[in-house]
S.K.: 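Below: one structure in structure tokens.
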Amino acid sequence: MKTTKRFIAPFFPILLFITSSLCVLMFSRLLLSAWQSERLGFDNYFALLLGGIRIDLSTVAYLTLPLFLLLIIFKTIKIPSLQKIVQFIASFYIATALCFLVMLEIATPAFILQYDIRPNRLFIEYLEYPQEVLGMLLSGHKLTLLISLLFTVGAFYLSFKYLPKFCKNAASNTPAISFYSTIFLLFFALVLAARGTVGHRPINPALVYFSQDALVNSLTLNSAYSVAFAIKNMRNEKSTEQLYGKQDKQTVIENIQKASYRTSFVANEFPTLAKNVAYHSGPKKNLVIILEESLGARFVSELGGSGITPEIDKLYNEGWAFEHLYATGTRSVRGIEAVVTGFLPSPSRAVVKLSKSQKHFFTLAEVLTQNGYTTQFLYGGESHFDNMKSFFLGNGFQDIVDFQNIKEPKFVASWGVCDEDLFAQADKELSKLASTNKPFFSLIFSSSNHDPFEIPDNKVSLPDGHETDNIQRDLAIKYADFALGRFINKAKQSNYWQDTVFLIVADHNVRVFGSEPVPIKSFHIPGVILNSDFDNKRDQRLVSQIDLPVTLLSLIGVDTPTPMTGFDLTKTYPVERALMQYYDNFAYIENNQAAILTPGQHHSFWQYDKYNKTQTLVAPDSYSEKLKEKALSHVLFSSMAYQQQLYRLPASTQ
């Protein structure tokens, strides 16, 4: 017995670290699965726990491997002072690793409430903007922040102070051959655990996923693994074929060209560059796009929502109103990507943030600049957020107006000035642009309806009897609608209204959730075009955000060839379609059928009723198989066009 204890003693702190880490991760998963038991279902608990153990073992094995290196160093060197340094480093590492695991698990419930999934690449992307994120946390999530800090600091203190000192018994009388043999065997076992399989490829989320529900699948992971896997994918933006499957390049291009219903392709090196005959043939009109932050259709009465956007409801009865418009993603940059560039969504980050698209990437601003327009971006916050400023200035926007340029704002929130201040500045800017007698394009991006939903006091109130799961959010939506209505009413009296086409559209829904691999109904957003020949029209077609920029160029009289593949909605097409990216899942909807591609080259087919917003899993048939191939072509072209820089205007026009 003493011999066994002496033999195990050098490795005891490591074994205790492994046990503690596994307990933290498994306990968190049990709590999360109990919380989401209705989504999970009793029959899936075994698959969840089995897959979770595999992922946890892999995660903890990776975290443990460096400790064996430190243990070998400690055993090899004979200088007490250096051994103490190694011992401190190891103890600090153990405490930090446990602290890291606890912190991410504590942050998980709040992240799920917001994004309906474990922390992933969004978690990392937000960390690039610590000032904005800290302001948001301090303003609207103090309790969550406090609990996270207490648990994280507590985990660090307890593990650093009370776990047995690392290497304390490594210098014992254990024979060297036994010590190093054990090190080798344990190291080999950890490598196997880290790989999670003896197959050709190491473990990945697809090997433990078992559900069509993205949230349920993410519960199989732990948050440290989820974040680490997201970082790995972020460093490899060429993974679309690995996720969904392959097609040869010519097939992809032919399918994309056919699906765009264009005929006038003008450059072989840019396969989607084509001319679209504009609807408007008179003098070119101005263009203003108002991108509303996180405003889903479920709040708009005219779209069957809760009725807290009376101003948008009015506009729906005045302009060209789209009743079945769907966003391409769940982030603002994805909405910008769709509305400003018409680019197809992909599992990569939106092109606003990617390196190869920071210059010579097609945008409305670029083509309008070539047509003699003045182009401008207005935002109430810091325009560097989400890399917007860099992307816009590199791709045709001549002027940026943001927080620094808005003098004496009446209300400043975590994300910038309130929407009233933003629109007051916008009115000044548009009046100034109109006085130059040059056509102009202005993109206005609101921010009041953003967590933590800070708005001026006593501006709006919710209707009596209004039911909600988040009062502050709904007040922010009501306020954003109020500010928009004031601006439009003022704009109608201005010198720029008569010759300007306005688009009011949401960037994405406030929250996407559902048990389907892509919950299509949650991508439904409002969109209305004002001051065109199509006023007082209710459009019943299924349409996508990528159709909007094509349609806008047609309405203002610009027919310069562009690489956009969206539909010109002033025309009619044989099919209605929309497409969207939900984390690593891609959906392509045509009429009432949807093909959804998921990692591991898996897919499923669904019937979608746009009127009732119901989504039903269906068996494959010949039509759905063709739809899958079309979906694959679209998502592969997005990656191809970015990587090979195909989505641009010819050099002679740049």
Side-chain angles (χ1 to χ4, degrees), residues 260-267 270-291 319-320 322 336-344 360-378 391-392 394-399 430 433-434 436-444 496-505 527-535 539 543-573 647-654:
S260 71
Y261 292 95
R262 304 280 200 281
T263 55
S264 304
F265 296 100
V266 299
F270 305 114
T272 60
L273 190 71
K275 183 174 181 177
N276 176 57
V277 178
Y279 168 83
H280 176 68
S281 59
K284 292 182 174 64
K285 294 187 176 185
N286 308 315
L287 175 62
V288 174
I289 297 176
I290 301 174
L291 200 60
W320 183 3
F322 299 101
I336 291 171
E337 174 186 71
V339 173
V340 177
T341 78
F343 195 61
L344 300 168
H360 302 314
F361 193 88
F362 174 80
T363 67
L364 286 178
E366 182 183 31
V367 71
L368 291 177
T369 295
Q370 293 178 11
N371 281 269
Y373 279 68
T374 302
T375 57
Q376 184 182 65
F377 172 57
L378 291 96
F391 178 80
F392 288 147
N395 292 299
F397 283 86
Q398 301 161 3
D399 185 31
L430 297 181
L433 290 172
T436 66
N437 295 317
K438 286 181 59 180
F440 61 83
F441 163 48
S442 183
L443 171 67
I444 305 170
Y496 55 80
W497 176 264
Q498 187 61 36
D499 299 316
T500 304
V501 171
F502 286 77
L503 166 68
I504 295 105
V505 64
V528 57
I529 295 173
L530 305 175
N531 228 5
S532 75
D533 291 346
F534 295 84
D535 283 350
D539 200 317
V543 298
S544 170
Q545 272 181 322
I546 66 168
D547 300 329
L548 298 176
V550 181
T551 304
L552 292 172
L553 289 184
S554 184
L555 289 173
I556 64 176
V558 175
D559 58 7
T560 302
T562 77
M564 294 189 290
T565 59
F567 292 172
D568 176 357
L569 298 174
T570 66
K571 301 176 172 65
T572 57
Y573 293 86
Y647 201 78
R648 56 195 300 183
L649 298 180
S652 60
T653 64
Q654 290 177 350

S.K.: With a 4.5 Å heavy-atom cut-off, do I556 and K284 have their side chains touching?
M.R.: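 Not touching, per the 4.5 Å side-chain cut-off.
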
S.K.: Among side-chain atoms of W320 and D539, is any donor-acceptor pair under 3.5 angstrom?
M.R.: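 Judged by distance alone, the side chains do pair up.
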
S.K.: Show the nearest heavy-atom pair for residues T562 and L649, with the distance to one decimal.
M.R.: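 Heavy-atom minimum between the residues: CA-CD2, 4.3 Å.
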
S.K.: Is there side-chain contact between I336 and F392, with at least one heavy-atom pair below 4.5 Å?
M.R.: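 When only atoms from C-beta onward are counted, F392 and I336 do touch, with a gap below 4.5 Å.
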
S.K.: Ring centroids only, cut at 6.0 angstrom: are Y373 and F441 within range, meaning strictly under it?
M.R.: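 Ring-ring flag for Y373/F441: false, centres at least 6.0 Å apart.
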
S.K.: Taking the six-membered ring where the residue is Trp, are the ring centres of F270 and F265 under 6.0 Å apart?
M.R.: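 Distance test on ring centres: not under 6.0 Å, no.
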
S.K.: Could you tell me which non-hydrogen atom of P563 sits nearest to which non-hydrogen atom of T272, and how far apart they are?
M.R.: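 Answer, listing the atom of P563 first, then T272: O-OG1, 2.8 Å.
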
S.K.: I'd like to know whether F322 forms a side-chain contact (heavy atoms from CB on, under 4.5 Å) with V528, so could you lay out the CA-CA distance, the side-chain angles of the two residues, the decisive distance to 0.1 Å, and finally the verdict.
M.R.: CA-CA 6 Å; F322 299 101; V528 57; 5.9 Å; no

S.K.: List the atom of Q376, the atom of D399, and the distance in Å for their closest heavy-atom pair.
M.R.: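 The pair with the smallest heavy-atom distance is NE2-OD2, 2.8 Å.
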
S.K.: So which heavy atom on M564 is nearest to which on T341, and how close?
M.R.: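 Closest approach of M564 to T341, heavy atoms only: CG-O, 3.4 Å.
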
S.K.: So, for P561 and V266, which heavy atoms are closest and what is the spacing to 0.1 Å?
M.R.: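 Smallest interatomic distance, heavy atoms only, reads CB-CG2, 4.0 Å.
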
S.K.: Walk me through whether F343 and F361 qualify under ring-ring contact (aromatic ring centres under 6.0 Å, His included).
M.R.: CA-CA 10 Å; F343 195 61; F361 193 88; 5.2 Å; yes

S.K.: Between S442 and L430, does a side-chain contact (heavy atoms from CB on, under 4.5 Å) hold up when you go through it step by step?
M.R.: CA-CA 8 Å; S442 183; L430 297 181; 3.6 Å; yes

S.K.: CG of L555 to OG1 of T570: how many Å apart, nearest 0.5 Å?
M.R.: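 Rounded to the nearest 0.5 Å, the CG-OG1 separation comes out at 6.5 Å.
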
S.K.: For N371 and T560, which I'm curious about, is there any donor-acceptor pair between the side chains at under 3.5 Å?
M.R.: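 Checked: N371/T560 side chains pair up, N/O donor to acceptor below 3.5 Å.
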
S.K.: So S554 and L552, do their side chains get closer than 4.5 Å, heavy atoms only?
M.R.: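 Answer no - side chains too far apart.
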
S.K.: Hey, are the side chains of N531 and W497 touching, using non-hydrogen atoms and a 4.5 Å cut-off?
M.R.: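 They are in contact (side-chain heavy atoms under 4.5 Å apart), so the answer is yes.
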
S.K.: Evaluate the ring planes of Y496 and F502, with Trp represented by its six-membered ring, and classify them as parallel (under 30°), tilted (30 to 60°) or perpendicular (over 60°).
M.R.: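 Ring orientation of Y496 relative to F502: tilted.
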
S.K.: Is a side-chain N or O of T369 found less than 3.5 angstrom from the main chain of G396, in a donor-acceptor match?
M.R.: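 Between the backbone of G396 and the side chain of T369 there is a qualifying donor-acceptor contact (under 3.5 Å).
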
S.K.: Does a donor on one side chain sit under 3.5 Å from an acceptor on the other, for N286 and T500?
M.R.: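 Checked: N286/T500 side chains pair up, N/O donor to acceptor below 3.5 Å.
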
S.K.: Distance from D568 atom CG to S260 atom OG, nearest 0.5 Å?
M.R.: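 Taking CG in D568 and OG in S260, the distance rounds to 12.0 Å.
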
S.K.: With a 4.5 Å limit on heavy-atom distance, are the side chains of V501 and V288 in contact?
M.R.: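 Sidechains of V288 and V501: no contact.
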
S.K.: Given 3.5 Å as the limit, does a donor-acceptor pair link the side chain of S544 with the main chain of D547, or not?
M.R.: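 No; zero donor-acceptor contacts below 3.5 Å.
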
S.K.: Are F567 and Y573, when compared by the centres of their aromatic rings, separated by less than 6.0 Å?
M.R.: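 Aromatic pair counts; centres sit under 6.0 Å.
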
S.K.: Can you tell me how far the CG atom of L530 sits from the CG atom of D535, to the nearest 0.5 Å?
M.R.: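 With rounding to 0.5 Å, CG (L530) is 6.5 Å from CG (D535).
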
S.K.: Measure the shortest side-chain to side-chain distance between D559 and N276 over non-hydrogen atoms and say whether it is less than 4.5 angstrom.
M.R.: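 No - every pair of side-chain heavy atoms lies 4.5 Å or more apart.
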
S.K.: Which pair of heavy atoms, one from P549 and one from A338, lies closest together, and at what distance?
M.R.: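 Shortest heavy-atom separation between P549 and A338 comes out as CG-O, 3.5 Å.
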
S.K.: Has K571 got more than 12 heavy atoms of other residues, nucleotides or ligands less than 6.0 Å from its NZ?
M.R.: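 Atom NZ in K571 is packed in, count exceeds 12.
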
S.K.: Answer whether the closest heavy-atom distance between the side chains of V505 and I290 falls below 4.5 Å.
M.R.: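 Heavy-atom side-chain distance check fails, nothing below 4.5 Å.
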
S.K.: Side chains of P650 and L273: closer than 4.5 Å at any heavy-atom pair?
M.R.: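 They are in side-chain contact.
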
S.K.: Would you compute the distance between atom CG of L503 and atom CG of L287 and round it to the nearest 0.5 angstrom?
M.R.: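 Answer rounded to 0.5 Å: 7.5 Å.
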
S.K.: How far apart are the C-alpha atoms of Y279 and F534, what are their side-chain angles, what is the distance that settles it, and do they pass the ring-ring contact (aromatic ring centres under 6.0 Å, His included) test?
M.R.: CA-CA 11 Å; Y279 168 83; F534 295 84; 5.0 Å; yes

S.K.: Measure the CG-CD1 distance between L569 and I529 for me, rounded to the nearest 0.5 Å.
M.R.: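 Separation between the atoms: 7.0 Å.
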
S.K.: Could you tell me the separation between the CD1 atom of I444 and the CZ atom of F377, rounded to the nearest 0.5 Å?
M.R.: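 Answer rounded to 0.5 Å: 10.0 Å.
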
S.K.: Are the side chain of T436 and the backbone of L433 linked by a donor-acceptor contact shorter than 3.5 Å?
M.R.: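 Here the side-chain-to-backbone pair exists.
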
S.K.: Under a 3.5 Å distance rule, please check whether N395 uses its side chain to pair with a backbone N or O of H360 as donor and acceptor.
M.R.: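 Such a contact is found between N395 side chain and H360 backbone.
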
